[in-house]
Amino acid sequence: MAYVITQRCCNDASCVPECPVDCIRPTPESPEFATAEQLYIDPDTCIDCGACVDACPVEAIFSEDDLTASLARFRDVNAAYFERHPLESNFEPLVAPTRAPKELGTLRVAIVGAGPAACYAAEELLRRADVEVELFDRLPTPYGLVRAGVAPDHAGTKLVSNMFETAFRRDTLQYYLNVEIGKHISHDELMAHHHAVVYAVGASTDRHLGVPGEELPGSHSATEFVAWYNGHPDFADREFDLSGERAVIVGNGNVALDVARVLTMNPDDLAKTDAADYAIDALRRSNIQEVVVMGRRGPLQAAYSTPEFMALTHLKGVDVVVDPDDLQLDPESQALLDDPEVEPHLKLKYTLAQEYAAKSPTPGNKRIVFRYLVSPTAITGDGKAETVEYVHNELVSENGRTVARASDRTDAMDASLVLRSIGYRGEPVADLPFDEGNGVIPNEKGRVLTSAGDPLRGVYVSGWIKRGPRGVIGSNRVDSQETVDQLIDDFIQGKLAAPQADRAALKTLLTERQPDLVDREGWKAIDAAEKTAGKVGGRPRVKFTSLENLLKAAKG
């Protein structure tokens, strides 16, 4: 018997160093780790010790014998990876990361943002130095996209926050929530109170389609919709037109699949999650029967991960529809698929599409329809979104890349709701340099760089604002370790300026400027109140979705 890693895998690699026989791949040191869809366990080497299970923060690892019907296929997924990448174990001892010597005194670090990248950075600092960490966020709640971005029906993925809660119990880390940098405290003031500041502010805006009619009512970003159904206080008052029978999602990454599931799943099932109550009520009244997911390239180039695509198989009362004609591959894609060295997940992605295409629709079921090789050209309607016009694409090779090029074939479909899901983009941070082209703060391994390319003393970045909007939650762990490596090294080398004021002075300053700041006790009160409310209905929590109610709960 062996253990199997399944869809929930967050790629934070906590399990890798715990395996006594080194049978989990890829490792963080592997070139393919950054683009890995998930991690895998070699079934021929696994000794069934369970160390990886204990280490997994999102409960993604199961014994072969305990796999449910919806997860059984992951046994083959794990095995197929090692057929393509035979395991080469080496039992070289792990090299412990550099720890700041105690004689250097206490390292003081401010982290701006409280999402996964920020939390992984804080956790790493707490392990590697005599440190005082202040965690800032403009919202009254921590954990960023874990709370407001992960789909409600992916409750297992949200479990990563439990790991952070455990790590942050000590007073060495303090919460300063409902505090906005640039409003309640400036960058220069943060620097005056700390040796270093780490910005982990994510990529907060979405990319636009750039087509006529994009701003019509009924046309929104998927970012807004996700934040709305997850109870983000900035989006609780948004309204989405669910009166029609069809919604169109432009883009086919994992966020698009999350949105498609939420729009089609049984509201009774959604009511067992931590989705916002107002969203559950709205979805109960929804008339949407079909969600069309549009991708500009073909089925091999689709942005969704294979595990997420496979999970749609088990969505109750929903047919996944793929037109067999859309699976006709261009010569280059066919050659890629026929290559004996093709990655197993890519072949499985295409096989799944074929399986969906071969199924007959079930009368009365809702539908998630995948359309490949199409791009919207306009959104039209009488004062609101009513029709999506689109062009059929052809795949061509351009500078070694497969790209979509518009053909002369056009078409249109009715839709009362249009959601764009084509990626995120970082926003400039006051008083810091910014790379407009890439939407990131320029940096080298996390050290922020000036326009001249020199390190900006004591300023670092982690997460999407550092590397761009790619990777999953766990990708931030390795990313944050790299940033903390640079910070610790600079501290040891004496390159950081000593704080001009201490922790007590910072607390006094912020209490004066923001009487409604939420500290550790305030967040614990919010957390406890939400979980208590959830117990009544058998839910993980019932979220407070307004700033007023969040602050009221924080004060008990």
Side-chain angles (χ1 to χ4, degrees), residues 109-122 133-150 161 164 168 173-191 193-194 197-206 221 223-224 226-228 230-238 276 424-432 434 439-441 459-466 469 476 506-507 509-527 530 543-555:
V109 181
I111 300 179
V112 180
C119 291
Y120 276 119
V133 177
E134 267 78 45
L135 198 65
F136 292 83
D137 200 279
R138 69 176 187 84
L139 293 177
T141 56
Y143 307 136
L145 287 179
V146 175
R147 179 180 171 94
V150 173
S161 63
F164 298 138
F168 298 166
L173 182 139
Q174 296 290 342
Y175 291 96
Y176 285 102
L177 307 175
N178 200 38
V179 173
E180 189 171 346
I181 309 306
K183 178 180 179 180
H184 300 117
I185 187 170
S186 70
H187 168 74
D188 287 342
E189 288 173 323
L190 281 180
M191 294 299 301
H193 287 81
H194 301 88
V197 179
V198 178
Y199 285 88
V201 293
S204 57
T205 61
D206 62 282
S221 73
T223 307
E224 296 174 64
V226 169
W228 172 76
N230 271 314
H232 191 300
D234 290 351
F235 297 88
D237 60 351
R238 298 297 168 91
Y424 297 88
R425 177 179 171 80
E427 289 278 272
V429 173
D431 302 318
L432 295 186
F434 190 69
V440 299
I441 294 174
V459 187
Y460 305 83
V461 284
S462 186
W464 281 2
I465 198 64
K466 169 187 174 183
N476 293 295
L506 176 67
K507 185 171 184 178
L509 174 69
L510 287 170
T511 302
E512 291 173 352
R513 292 186 181 173
Q514 172 53 313
D516 289 327
L517 75 80
V518 176
D519 58 12
R520 179 194 307 278
E521 294 306 312
W523 160 239
K524 285 172 64 176
I526 294 171
D527 189 40
E530 289 185 338
K543 291 176 181 173
F544 296 108
T545 59
S546 72
L547 183 61
E548 178 185 2
N549 288 337
L550 283 164
L551 295 179
K552 187 182 297 183
K555 295 173 181 176

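None of these values were measured; they are calculated from a predicted model. Residues: numbered from 1 along the sequence shown.
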Which atom of [X] lies closest to which atom of [Y], heavy atoms considered:
X: Ser161; Y: Val146; result: CB-CG1, 4.2 Å
X: Pro233; Y: Leu550; result: CG-CD1, 4.1 Å
X: Ala203; Y: Pro469; result: CB-CB, 4.3 Å
X: Leu510; Y: Ile185; result: CD2-CB, 4.0 Å
X: Gly149; Y: Val226; result: O-CG1, 3.5 Å
X: Leu173; Y: Ala122; result: CD1-CB, 3.7 Å

Spatial distance of atom [atom1] ([X]) from atom [atom2] ([Y]) [nearest 0.5 Å]:
X: Ile181; Y: Lys183; atom1: CD1; atom2: NZ; result: 12.0 Å
X: Thr223; Y: Tyr424; atom1: OG1; atom2: OH; result: 4.0 Å
X: Leu551; Y: Leu517; atom1: CG; atom2: CG; result: 10.0 Å
X: Lys543; Y: Asn549; atom1: NZ; atom2: CG; result: 15.0 Å
X: Leu135; Y: Trp523; atom1: CG; atom2: CH2; result: 12.0 Å
X: Gln514; Y: Glu180; atom1: CD; atom2: CD; result: 9.5 Å

Next on the checklist: Apply side chain to side chain contact (heavy atoms under 4.5 Å, CB included) to residues Gln174 and Leu506 and explain how you reach the verdict.
Outcome noted: CA-CA 11 Å; Gln174 296 290 342; Leu506 176 67; over 6 Å; no
So [Y] and [X], do their side chains get closer than 4.5 Å, heavy atoms only?
X: Tyr199; Y: Leu190; answer: yes
X: Ile441; Y: Phe434; answer: yes
X: Glu134; Y: Val179; answer: no
X: Ser462; Y: Asn476; answer: no

Item to check | Evaluation steps, side chain to side chain contact (heavy atoms under 4.5 Å, CB included), between Leu139 and Arg147 | outcome: CA-CA 11 Å; Leu139 293 177; Arg147 179 180 171 94; over 6 Å; no
Checklist entry - How are the rings of His194 and Phe136 set relative to one another: parallel (under 30°), tilted (30 to 60°) or perpendicular (over 60°)? => result perpendicular
Checklist entry - Aromatic rings Phe168 and Tyr175: how do their planes relate, parallel, tilted or perpendicular, breaks at 30° and 60°? => result perpendicular
Checking [X] now: which residues fulfil salt bridge (Lys or Arg N to Asp or Glu O under 4.0 Å) with it, not counting sequence neighbours?
X: Lys524; result: Glu521
X: Asp527; result: Lys531, Arg541
X: Asp431; result: none
X: Lys466; result: Asp479, Glu482

Flag, side chain of [X] to backbone of [Y], donor-acceptor distance under 3.5 Å:
X: Asp137; Y: Ala114; answer: yes
X: Asn178; Y: Asp516; answer: yes
X: Asn230; Y: Ala148; answer: yes

Item to check | Partners passing side-chain contact (heavy atoms from CB on, under 4.5 Å) against Ala227 (at least two apart in sequence or in another chain) | outcome: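 side-chain contact (heavy atoms from CB on, under 4.5 Å) list for Ala227, sorted by chain: His232, Phe235.
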Checklist entry - Looking at residues at least two apart in the chain, or sitting in another chain, which of them share a side-chain contact (heavy atoms from CB on, under 4.5 Å) with Thr205? => result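 side-chain contact (heavy atoms from CB on, under 4.5 Å) check on Thr205 returns Arg425, Glu427.
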